[in-house]
Amino acid sequence: MAEAADFQGMSPSPARRWLRRTGTLLAGAPLLAGVLQLPSSPAAHAAQTAAVADATGSGTVDISLDSLTPSAPAEGDTITVSGSVTNKGKQTVTGAHVGLRVGPTLQGRVAIDDAEKRTGFQLGPDPLEVGGKYVEKFAKLATGVSQHFSISVPVKDLNLDSDGVYQLGVSLTGQTAAQPWDQVLGIKRTFLPWQPAGADTKTKTTYLWPLISAVHLRAETGSDAQQTPVFQNDDLAKEISPGGRLDQLLSLGSDLDVTWVLDPDLLASVDAMTRSYQIKNGDTTTAGKNQAVAKAWLDKLEKTVADKDKEVVALPFADPDLASLAHNGKDVTGSLSHLKDATDVASSTVQTILHVKPNTDFAWPAEGAVDPSIVKVATSAGADKVIARSDSLRETGGLTYTPTAARPIGGGTTAVVADSRLSTAFEGDMAKADNSTLAVQEFLAQSLMVDLQEPSKQRSIVVAPQRMPSVSQAQTMATAVRALQDGNWSDSQNLSAAAKAKPDPSATTNVPSASSYPSSLRKQELPRSAFEEIQRTQSTLDNFKAILTDKSRVVTPFGRAIDRGMSTSWRGRADQAETFRKGVESYLDDLTGLVRLIDKSDAKLSGRSATIPVTVQNNLVQGVHHLVLRLTSQQPTRLKIGDDTFDERPIQVAGEHSQSVKFTTSAKANGPVTVVAQLFTDDGQAYGPPVRFEVKVTEITPTVMLVIGGGVLLLVLAGFRMYTQRKRAAARQAAEEQENTPDTEGGAEALNGVNTDAEGTVDTTEDTERSKDGPDGESTTESGADDPEHPSDPTPDTAPESTDPSGTGERVDR
């Protein structure tokens, strides 16, 4: 924003200016007499300034300006300046007093910059004291001792004339033993904006109020149905607790006319904390206990943004680092798709949690630094407005005023250029009251000067502060914004209105080249290796989700974790960023490893055919499908799987179960064969590592078969011989029994079907046959179903299918 722009013509009346300068010259006549004889070159001027400072000892006493109220006074107000003075010298200061020095008005924004940089007291630029009763005296100021002061002056006694920014100095005058005369021993400068009546044309000011935090959630979730979220630490609870950073930002911003800029990841993280959650630090896991705090913070935020006058701008999920993507990630396949996903989920996240529809048209590169590649990446996900900053998109047309923030930069994209001076006003250590007071006054001074540069030309100015202000920075910001909104030269407007404002035709629209991008910011970017690692994780996730029956259990947590791996919050924290990314990748590898093939030991095949069992184990809580198990023979001339080199079977395994699959094999020759089992997804992508084992094939030869056949024949002959011998013995026994039976029994035997011939012999043929039957008619001599097996009985070639896992070291089931 016109960094060199200067405002001309804003000075006191000629008479009053003459009186002040005359008084200054008279007071400093002895010193000026010598000074005026010095040459006027820049080097001589620097030497002159140093000489005056040494002569007056203006660095002896340190002055802290702790408060100035009101920050922007109006007619009838009384200004109160409070602070402390500390003697840093080696001698006691006596006869000291603190006084105020007001004026002259500063001519432009550069004059404010110059005045802010000056340190020692300088005759001429520093006016006379207001004096009189508006001083605070100290009889003695010992070395190293601090004393408080407070001076109140009615505005009417400051002789503030025309509207403008006045320099306000607080100085201590005193004596030392070595220099026993009055001299300025210390001075602190600030600014007093003076606009007692409403400006004819007020500046439209947009202040962005960011609710952004670092990454807190891990990719890991509980295995329960609710998928209990796991946090890296409990830092987020501290931030949203009363007095915490995010609690202060929310409380302070709720009373201001600001545009809320939210990272949806912060909302999702706090929302996860409202339910059961865990904190994992190393190997220690504890249960979170801050559900009530999270609910209270979200409820307050929801009520704040429910006001229709409050605009909510949602950044892409996890606030991805656009510059890192543009410079190091865009050439890594798939990286830009993550930005699109992060943008798409941003709106739904905010609407689900806060029940308001956010604006997702804005992209915000780190510190507003842009180049053509950053603009291209920033708009690739759908945003058509880029929040830049004036120290990046610099004015080159010689404008003498700060132009309106919005300007077209080509391709239908609007750059909303935030003012760099106003945006960086609160980046220091605002915990010190002195720094905070000075920052507020300089912010108001610069804001008023923008309006005074071109009073007849209304402009829209945007302020984009640091992404994650500290508590003290947020408090200082709120003080400044409140004073600005109470002032008479500025009106508030939201970011969308600022982006739609009519562009200044003289403002630059040229995006700076890549070589202009600050090297300090480039050093903080994520390296290319980070995006390559992220893409590996995404590829693993794509394979994994393809086999799951409930994809949402992994797609959502890991998709968001990948977004968090590209967060702008990792800038300057390269080691922590790498640890996070590796943690995501490692945890995903652990999950995918829960679906695996059970290792097999070497097996032996001692026949022409057999079945080989392979077991798939699923230790996930959900089922898996769309998997194919392939068993491949590395030497098909020796061992075939099915009818070819390999065979495949579809796999579907319930959660926390195993499935055993048996493949038919046929041996062609003796020797060891390496067999490979591998899982594949439906699209042919290998899943998990292969399992290799060795099958030793021992084929049965004709000679061995002949020997076995001869043995079987001998057994058959021996059995036949035993049978005939038993039959003959039974016949002899029957004959002997008949010879010993009396004749009176013959009739009974005849009735039982025993025939006798004329010579009295018994036909035992039928008896012999009947002797084979038992009492119940079952055979007792012929081989039946209940006969014991003999060594010669053949064994079945294959065993029935079994779904039980194969044991380690088991023989191949033939």
Side-chain angles (χ1 to χ4, degrees), residues 213-241 246 262-302 317-318 341-342 344-355 537 540-542 544-565 580 583-595 618-625 653-657:
S213 186
V215 172
H216 297 285
L217 272 172
R218 301 166 63 99
E220 181 178 351
T221 60
S223 59
D224 54 339
Q226 293 75 26
Q227 288 190 272
T228 300
V230 180
F231 285 76
Q232 299 186 97
N233 47 52
D234 213 18
D235 291 351
L236 181 56
K238 297 176 183 177
E239 288 195 282
I240 63 176
S241 295
L246 291 171
L262 308 180
D263 176 6
D265 181 33
L266 171 61
L267 301 184
S269 299
V270 178
D271 183 63
M273 193 179 287
T274 61
R275 300 175 292 276
S276 175
Y277 70 96
Q278 295 179 335
I279 302 167
K280 188 171 183 179
N281 189 356
D283 296 330
T284 304
T285 301
T286 57
K289 302 178 180 179
N290 291 286
Q291 288 85 352
V293 171
K295 290 178 182 178
W297 190 85
L298 277 182
D299 288 345
K300 185 175 181 179
L301 177 59
E302 183 177 355
F317 193 93
D341 292 340
D344 291 342
V345 78
S347 181
S348 61
T349 300
V350 175
Q351 289 188 74
T352 301
I353 297 175
L354 296 183
H355 307 103
T537 301
T540 303
L541 178 61
D542 291 340
F544 188 40
K545 70 182 183 182
I547 71 169
L548 301 177
T549 55
D550 184 2
K551 297 178 176 58
S552 64
R553 288 185 65 90
V554 298
V555 171
T556 299
F558 278 102
R560 303 294 72 80
I562 289 174
D563 294 338
R564 294 183 183 107
F580 178 83
V584 175
E585 184 177 31
S586 175
Y587 179 57
L588 182 57
D589 289 341
D590 291 343
L591 282 184
T592 58
L594 295 179
V595 180
N618 175 20
N619 285 329
L620 295 172
V621 297
Q622 64 169 301
V624 296
H625 57 177
V653 189
E656 300 180 331
H657 282 73

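Along the sequence shown, residues are numbered consecutively beginning with 1. Every value quoted in this text rests on a predicted model; they were computed, and no experiment measured them.
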Just verifying a value: how many Å separate [X] [atom1] and [Y] [atom2], rounded to the nearest 0.5 Å?
{"X": "H657", "Y": "L620", "atom1": "NE2", "atom2": "CG", "value": "13.0 Å"}
{"X": "D344", "Y": "T349", "atom1": "CG", "atom2": "OG1", "value": "10.5 Å"}
{"X": "D271", "Y": "L266", "atom1": "CG", "atom2": "CG", "value": "11.0 Å"}
{"X": "I240", "Y": "K300", "atom1": "CD1", "atom2": "NZ", "value": "12.0 Å"}
{"X": "D341", "Y": "F317", "atom1": "CG", "atom2": "CZ", "value": "11.5 Å"}
{"X": "N233", "Y": "K280", "atom1": "CG", "atom2": "NZ", "value": "14.0 Å"}

* Asked: Do S213 and E239 meet the criterion of a side-chain donor-acceptor pair at a distance under 3.5 Å?
  ->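 Side chains of S213 and E239: pair found under 3.5 Å.
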
* Steps toward side chain to side chain contact (heavy atoms under 4.5 Å, CB included) verdict (L548, R553) -> CA-CA 9 Å; L548 301 177; R553 288 185 65 90; over 6 Å; no

* To do: Specify the closest pair of heavy atoms between D550 and Q622, including all atoms of both residues, with the distance to one decimal.
  =>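 Result for this residue pair: N-OE1, 2.5 Å.
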
* Asked: Taking atom NZ of K289 as the centre, does the number of heavy atoms from other residues, nucleotides or ligands within less than 6.0 Å exceed 12?
  ->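 At most 12 heavy atoms, drawn from other residues, nucleotides or ligands, come within 6.0 Å of this atom.
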
* To do: Taking atom CG of D235 as the centre, report whether more than 12 heavy atoms of other residues, nucleotides or ligands fall under 6.0 Å from it.
  =>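 Above 12, so yes.
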
Between [X] and [Y], is there a donor-acceptor pair closer than 3.5 Å when you use the side chain of the first and the backbone of the second?
{"X": "E220", "Y": "Y587", "result": "no"}
{"X": "Q278", "Y": "V230", "result": "no"}
{"X": "T592", "Y": "F544", "result": "no"}
{"X": "H625", "Y": "V653", "result": "no"}

So do the side chains of [X] and [Y] get within less than 4.5 Å of each other, counting heavy atoms only?
{"X": "L262", "Y": "L354", "value": "yes"}
{"X": "L588", "Y": "V554", "value": "no"}
{"X": "Q232", "Y": "F580", "value": "yes"}

* To do: Test R560 against D265 for side chain to side chain contact (heavy atoms under 4.5 Å, CB included), laying out the working first.
  => CA-CA 8 Å; R560 303 294 72 80; D265 181 33; over 6 Å; no

* Aromatic rings Y277 and F231: how do their planes relate, parallel, tilted or perpendicular, breaks at 30° and 60°? ->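 Plane angle over 60°, so perpendicular.
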
* Identify, with sequence neighbours excluded, every residue that meets side-chain hydrogen bond (donor to acceptor under 3.5 Å, both in side chains) alongside T228. =>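 Expected list: D224.
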
* **side chain to side chain contact (heavy atoms under 4.5 Å, CB included) between L267 and L301, intermediate numbers included** => CA-CA 10 Å; L267 301 184; L301 177 59; 3.6 Å; yes

